[in-house]
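Below is one structure; the comments refer to it alone.
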Number of protein chains: 2
Amino acid sequence: MSYSASLVALADPTRRKIFERLRRGPLAVGAIAEGLPVSRPAVSQHLKVLKEAGLLTETQDGARRIYRIDPEGLGQLRAWLDQFWDVALENFKADAEK
Amino acid sequence: MSYSASLVALADPTRRKIFERLRRGPLAVGAIAEGLPVSRPAVSQHLKVLKEAGLLTETQDGARRIYRIDPEGLGQLRAWLDQFWDVALENFKADAEK
DNA sequence: ACTTACCGTAAGCCATGAGTTACTCTGCTT
DNA sequence: AAGCAGAGTAACTCATGGCTTACGGTAAGT
């Protein structure tokens with residue numbers, strides 16, 4: 001039931017950049033914010049949204065907070081999308097036969 | 001490159017309801033709007049967003065406009081999500097070994 | 001202990017977008 | 001052709017949310 005939160009989270013372009021940056025591997029907040037066109041507090045707020053959507057997990061390393069991609073939210077989103085896949089293909093097939 | 005538009009489109013709860021309603025099959029605008037807590041013009045605007053995101057196709061049947069789910073946008077979104085799947089599983093695996 | 005690095009939270013501003021009503025247009029029907 | 005059904009567009013209102021600055025809090029270094 002959390003796919004909705006994932007969709008809202010990934011709808012924002014800045015949050016997508018953050019998420020895509022974490023594709024290479026786990027990063028601390030400062031490293032994520034570096035190069036982004038927004039302030040570090042803004043990044044913190046985005047990370048909170050992504051985390052609460054189940055798309056990221058947070059671990060502590062001293063004063064640093066390490067964020068990494070979480071398969072939980074990603075899996076729920078994928079499952080939701082797959083519900084539509086069959087129907088979409090049927091429509092495509094029916095359309096092609098015309 | 002259109003997965004971003006799909007994410008924005010599906011982030012709205014009303015548009016998700018519309019999209020989910022079309023899972024059963026193609027529908028006209030009036031039929032879609034029926035039962036939804038918003039006005040019909042609002043539904044028209046949502047349909048436009050979903051269509052431009054590549055998530056829906058529109059066909060004409062007399063005065064009616066029939067909308068149905070389009071595999072195009074759905075596929076692009078799925079492909080984008082799959083990019084993160086491997087990384088997410090690695091993170092999960094590394095986490096489980098601890 | 002004091003400072004510095006690292007990060008989350010609070011409060012406020014402002015633009016975006018979802019909704020409404022009113023209007024227009026097109027295509028049947030009689 | 002006149003009226004009606006079905007649907008898109010325009011103009012406007014208003015709330016949501018993304019961004020900023022300022023502040024507070026914890027952990028490591030000297």
Side-chain angles (χ1 to χ4, degrees), chain A residues 2-22 24-70 73 77, chain B residues 2-22 24-70 73 77:
Chain A
S2 169
Y3 63 86
S4 57
S6 297
L7 285 169
V8 171
L10 293 175
D12 182 77
T14 303
R15 280 196 290 265
R16 270 200 305 276
K17 283 185 186 174
I18 292 175
F19 197 62
E20 287 172 343
R21 186 162 295 200
L22 287 172
R24 296 189 176 184
L27 282 177
V29 178
I32 298 174
E34 198 175 356
L36 285 182
V38 297
S39 67
R40 189 199 45 74
V43 173
S44 269
Q45 293 169 2
H46 284 310
L47 287 170
K48 185 180 180 182
V49 174
L50 287 165
K51 180 186 171 189
E52 289 180 345
L55 290 167
L56 298 182
T57 59
E58 172 196 348
T59 58
Q60 199 133 3
D61 172 38
R64 289 198 181 84
R65 316 283 180 96
I66 310 297
Y67 287 89
R68 70 198 70 208
I69 292 181
D70 184 6
L77 189 50
Chain B
S2 168
Y3 62 88
S4 57
S6 297
L7 286 169
V8 171
L10 293 175
D12 182 78
T14 303
R15 280 196 291 265
R16 270 199 306 277
K17 283 186 188 174
I18 292 175
F19 196 63
E20 288 172 342
R21 186 163 295 201
L22 287 172
R24 296 189 177 183
L27 281 178
V29 178
I32 298 174
E34 200 175 356
L36 284 182
V38 297
S39 67
R40 192 199 47 73
V43 173
S44 269
Q45 293 168 1
H46 284 311
L47 287 170
K48 183 180 182 182
V49 174
L50 287 165
K51 180 188 171 188
E52 290 180 345
L55 289 167
L56 297 182
T57 59
E58 172 197 347
T59 58
Q60 198 132 5
D61 172 36
R64 288 197 180 84
R65 317 282 180 97
I66 310 296
Y67 287 89
R68 71 197 70 209
I69 291 181
D70 184 6
L77 190 50

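The chains referred to below are lettered A, B, ... by the order of the sequence lines, with proteins before strands, and numbering in each begins at 1. This one's a predicted model, so the numbers in the text were calculated from it and none came from an experiment.
- In this structure, B/K17 atom NZ and C/dG19 atom P are separated by 10 Å, rounded to whole Å.
- Summary of the strand contacts: A/A63 and B/I66 both lie near DNA chain D, and taking for each the nucleotide with the nearest heavy atom, the more 5' one is attributed to B/I66.
- Side-chain nitrogen and oxygen atoms of B/S39 include none within less than 4.0 Å of the OP1 or OP2 phosphate oxygen of C/dG19.
- Between B/L47 atom CG and D/dG8 atom P the separation is 7 Å, expressed in whole Å.
- B/R68 and B/T59 form a side-chain donor-acceptor contact under 3.5 Å, judged by distance and modelled atom types alone.
- Between A/R64 and the phosphate of C/dC6, there is a side-chain N or O to OP1/OP2 separation shorter than 4.0 Å.
- In terms of phosphate contacts, B/Y67 brings no side-chain nitrogen or oxygen within less than 4.0 Å of OP1 or OP2 of D/dG6.
- Closest approach to the A/H46 side chain among C/dT20, C/dC7, D/dC19 is made by D/dC19 (side chain taken as heavy atoms from C-beta onward).
- Taking CG from B/L77 and CG from B/L10, the interatomic distance works out to 6.5 Å, rounded to the nearest 0.5 Å.
- The separation between B/E58 atom CD and D/dA7 atom P is 10 Å, rounded to whole Å.
- Side-chain nitrogen and oxygen atoms of B/R15 include at least one within less than 4.0 Å of the OP1 or OP2 phosphate oxygen of C/dA18.
- Atom-to-atom, CG of B/L50 to P of D/dA7 comes out at 16 Å; the value is rounded to the nearest Å.
- Residues A/E58 and A/L47 have side chains not in contact (no heavy-atom distance under 4.5 Å, counting atoms from C-beta outward).
- Here B/H46 contributes atom NE2 and B/I32 contributes atom CD1; the two are 11.5 Å apart, rounded to the nearest 0.5 Å.
- The 5' end of DNA chain D is approached more closely, in terms of each residue's nearest nucleotide, by B/P41 than by the other of A/A42 and B/P41.
- Residue side chain A/R40 reaches the base of C/dG8 through a donor-acceptor N/O pair under 3.5 Å, judged by distance alone.
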